[in-house]
Trainee: 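Before anything else, here's the structure in question.
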Amino acid sequence: MQLIETALFLLLAVVLSGWVARITRMPLPLVQIALGAGVVMLTGKSVDLRPEIFFLLFLPPLLFVDGWRIPKAALFRDRKVILELALGLVVFTVLGLGFFIHWMIPAMPLAVAFALAAILSPTDPIAVSAIAGRSPMPKRLMHILEGESLLNDATGLTCMRIAVIAATTGAFSLTHAVGTFAWLALAGIAVGVMVSMGIGLAKGFISRRWGEDVGGQILVSLLMPFAAYLAAEAIHASGILAAVAAGITMSFTEREGSAMAATRIRRAVVWDTVQFTANGLIFVILGEQMPSILARAAEVIKTTPQKEVWWLAVYVMAIVGVLATLRFIWVWATLRLTLFSRQKGKSERPKLRWRLVAVMSLSGVRGAITLAGILTLPFFLADGTLLPARNLAIFLAAGVIIISLVVASIALPMLLKGVELPPEDRAYTIEDRARKAAALAAIRALEQAERDALGAGVRPDEHAAVVARLMESYRHQIELASGADDDETVRNHQMEKLERELALLALTAQRAELVQLARKRLVDEETARKLVRELDLQEIRLG
């Protein structure tokens, strides 16, 4: 009963966090952390954060939906930047920060310092997107950060696992470390792909043979990330990468559009709810852990050369500063060699501005994955003695999470003004070409239907009138997608935006009228609900 009450309190905190964030204009993650800490101080009870359960409940669905929804073209186009950030930057951070922490705090063994640096390397795009929401972030930049976070979680946790083995056994083998990393990554990706493809083939066969059950399809999509995660962990591979790979594979296997429209609409709504709830719970639980971690500050400081508690704040600020510096250096070098390198046929390379590098550096905030990962540090070494500086590492990780979130929430909105990346090549052209091709396919189908209706006993005039109305809308779509130059293309998109705004205004008026009719009992409740749902679907289609 206590567990159920705690879960309900956590969900209530997630709901309240959205309202508080809107009222106070504070970043949502910081509000959720504060509410989590407030719940503990008011009730005196907190969630016992068991890392293995945390990873199983929260990471698979969140990473799965990120892999499923992230634009694959953007992921592939900027693959060099993403891989350099997700792989190279993690190793660079582990080495640079690990040696720095050991130098700053000699009481912390080098292997433990490397483990702390490894778990501090993964970034949290959830927090970044929430912080940047007050000042729009360029889509391409957000896609790069999302792609980086999809991969660097697995990289950081793998490096931490290798460092923990070295810390507990006192032995380290580069060959064994590389082999372990390769197995975790490759086997995890393979398992995720196979699980997603297998479930997709089974769903398709059952749907074609016996029809599609909307509720069952949604439930299967919710269970898929857990299946991929558990299958990978069963063979000691990376469950995180398996969940990501399953999500990416699902987006490719469903391109044929085999699922019904009702399934896709309802599934999107369910996943939006799951994503919002899980994201909120992560930060609320993170806030719940903070009072107990901070309460042990006096005990933790005894394990360091300095005995004053304020030295812990110095350590945290120093680590945050080194993390930002290392990331700044790596981001500058990566962008200089990729997006801002000299292009073929051009005499000058694009100018790389410091503001963009600063934004990408500050966007590397840490989140709940860092805290859950550091809590997996073992208590004992292989010989049975206590692991040195374990509580200190946990305290430092928690402090870095809070400080990085606060700094990013203050600095990012100011730095994001005017930040630009090199434009995505032919973005409007590709979109317009796709719209035009789809509209032409619709017109061909309508023309064929009109020809077929001539011999089917349908009244030609009625059928032709309906076809003409539909074809007119598609011809208008073709005209909008056939801009002669950039200025005309921009005007067409502005016209589309105006048309969408007016259509949404009309839908709002219709919905209000239906509500009034239902209140006056001029239409029955079931009819009003059906008509309002139709308007809601039209609004979703309009975006």
Trainee: Quick check: do Arg327 and Leu323 have side-chain heavy atoms less than 4.5 Å from each other?
Mentor: no
Trainee: Can you name the nearest heavy-atom pair linking Arg366 to Ile401, along with the distance?
Mentor: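 Here Arg366 and Ile401 meet closest at O-CG2, 3.6 Å.
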Trainee: Between Thr155 (side chain only) and Ala86 (backbone N and O only), is there a donor and an acceptor less than 3.5 Å apart?
Mentor: yes
Trainee: I'd like to check Leu415 versus Trp354 (side-chain heavy atoms, cut-off strictly below 4.5 Å). Are they in contact?
Mentor: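 Counting from C-beta outward, Leu415 and Trp354 do come under 4.5 Å.
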Trainee: Carefully, step by step, assess Val244 and Ile189 under the rule side chain to side chain contact (heavy atoms under 4.5 Å, CB included).
Mentor: CA-CA 8 Å; Val244 173; Ile189 293 173; over 6 Å; no
Trainee: Starting from the C-alpha separation in whole Å, work towards a yes-or-no answer on side chain to side chain contact (heavy atoms under 4.5 Å, CB included) for Ile240 and Leu157.
Mentor: CA-CA 9 Å; Ile240 292 175; Leu157 290 172; 2.9 Å; yes
Trainee: CG/Leu85 to CD1/Ile144 distance, rounded to the nearest 0.5 angstrom?
Mentor: 7.5 Å
Trainee: What closest approach, in Å, do Gln32 and Asn279 show between heavy atoms, and which atom pair accounts for it?
Mentor: OE1-O, 4.1 Å
Trainee: Using atom types as modelled and distance alone, determine if a side-chain donor or acceptor of Arg266 lies under 3.5 Å from a backbone N or O of Gly215.
Mentor: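 The answer is no, because no donor-acceptor pair under 3.5 Å joins these two groups.
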Trainee: Given 3.5 Å as the limit, does a donor-acceptor pair link the side chain of Arg79 with the main chain of Phe76, or not?
Mentor: yes
Trainee: Got a second to check how far Arg69's CZ is from Met250's CE, nearest 0.5 Å?
Mentor: 10.0 Å
Trainee: Rounded to the nearest 0.5 Å, what separation is found between the CD1 atom of Ile285 and the CE atom of Met290?
Mentor: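 So the gap between those two atoms works out to 12.5 Å.
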Trainee: Go through Asp66 and Glu146 one step at a time and tell me if the side chain to side chain contact (heavy atoms under 4.5 Å, CB included) criterion holds.
Mentor: CA-CA 8 Å; Asp66 284 341; Glu146 288 174 346; over 6 Å; no
Trainee: Is a side-chain donor or acceptor of Ser221 paired with a backbone partner of Ile218 at a separation under 3.5 angstrom?
Mentor: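 Present.
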Trainee: Does Val284 reach the side chain of Ser17, with side-chain heavy atoms less than 4.5 Å apart?
Mentor: no
Trainee: Give the minimum heavy-atom separation between Val195 and Ala231, together with the two atoms involved.
Mentor: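 Closest approach of Val195 to Ala231, heavy atoms only: CG2-CB, 4.4 Å.
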Trainee: If you draw a 6.0 Å radius around CH2 in Trp19, do more than 12 non-hydrogen atoms from other residues or ligands fall strictly inside?
Mentor: no
Trainee: For the pair Phe64 and Tyr229, evaluate side chain to side chain contact (heavy atoms under 4.5 Å, CB included) and give the outcome as yes or no after the intermediate values.
Mentor: CA-CA 10 Å; Phe64 174 84; Tyr229 183 90; over 6 Å; no
Trainee: Which atom pair, heavy atoms only, marks the closest approach of Trp271 to Pro225?
Mentor: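 Scanning both residues, the minimum pair turns out to be CH2-CG, 4.1 Å.
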Trainee: Please tell me if the side chains of Leu230 and Leu56 come closer than 4.5 Å, counting only heavy atoms from C-beta onward.
Mentor: yes
Trainee: Is it true that Ser121 and Asn152 share a donor-acceptor pair across their side chains at a distance under 3.5 Å?
Mentor: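 Result is no, nothing qualifies.
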Trainee: If I compare all heavy atoms of Ala228 with all of Gly192, which pair ends up nearest, and what's the gap?
Mentor: CB-CA, 4.3 Å
Trainee: Any non-hydrogen side-chain atom of Gln510 less than 4.5 Å from a side-chain atom of Glu513?
Mentor: no
Trainee: Taking atom CZ as the centre, does Phe9 end up with more than 12 heavy-atom neighbours from other residues, nucleotides or ligands that are less than 6.0 angstrom away?
Mentor: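 Open.
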Trainee: Measure from the side-chain N and O atoms of Ser149 to the backbone N and O of Thr123, and report whether any donor-acceptor pair falls under 3.5 Å.
Mentor: no
Trainee: Please check this pair: side chain of Thr334 against backbone of Val331, looking for a donor-acceptor N/O pair closer than 3.5 Å.
Mentor: no
Trainee: Can you see which heavy atom on Gly188 is nearest to which on Ala232, and at what distance?
Mentor: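 Looking at all heavy atoms of both residues, the closest pair is CA-CB, 4.5 Å.
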Trainee: Heavy atoms, side chains only, cut-off 4.5 Å: are Leu30 and Phe283 in contact?
Mentor: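 No - every pair of side-chain heavy atoms lies 4.5 Å or more apart.
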Trainee: Between Ser196 and Ala246 (side chain of the first, backbone of the second, donor and acceptor by atom type, cut-off under 3.5 Å), is there such a pair?
Mentor: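 The answer is yes, because a donor-acceptor pair under 3.5 Å joins these two groups.
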Trainee: Can you tell if the side chain of Thr249 reaches within under 4.5 Å of the side chain of Met197, non-hydrogen atoms only?
Mentor: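 In contact.
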Trainee: For the CZ atom of Phe226 and the CG atom of Leu59, what is their distance to the nearest 0.5 Å?
Mentor: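 Reported value, rounded in 0.5 Å steps: 10.0 Å.
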Trainee: If you define the side chain from C-beta out and look only at heavy atoms, does anything of Leu412 sit under 4.5 Å from Val407?
Mentor: no
Trainee: Between atom CD1 of Ile82 and atom NE2 of His143, what is the distance when rounded to the nearest 0.5 Å?
Mentor: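 The distance works out to 9.5 Å.
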Trainee: Strictly distance-based, threshold 3.5 Å: is any side-chain N or O of Ser409 a donor or acceptor partner for the main-chain N or O of Val406?
Mentor: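 At least one qualifying donor-acceptor pair exists.
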Trainee: To the closest 0.5 Å, what do you measure between OG1 (Thr338) and NZ (Lys80)?
Mentor: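 Between atom OG1 of Thr338 and atom NZ of Lys80 there are 8.5 Å.
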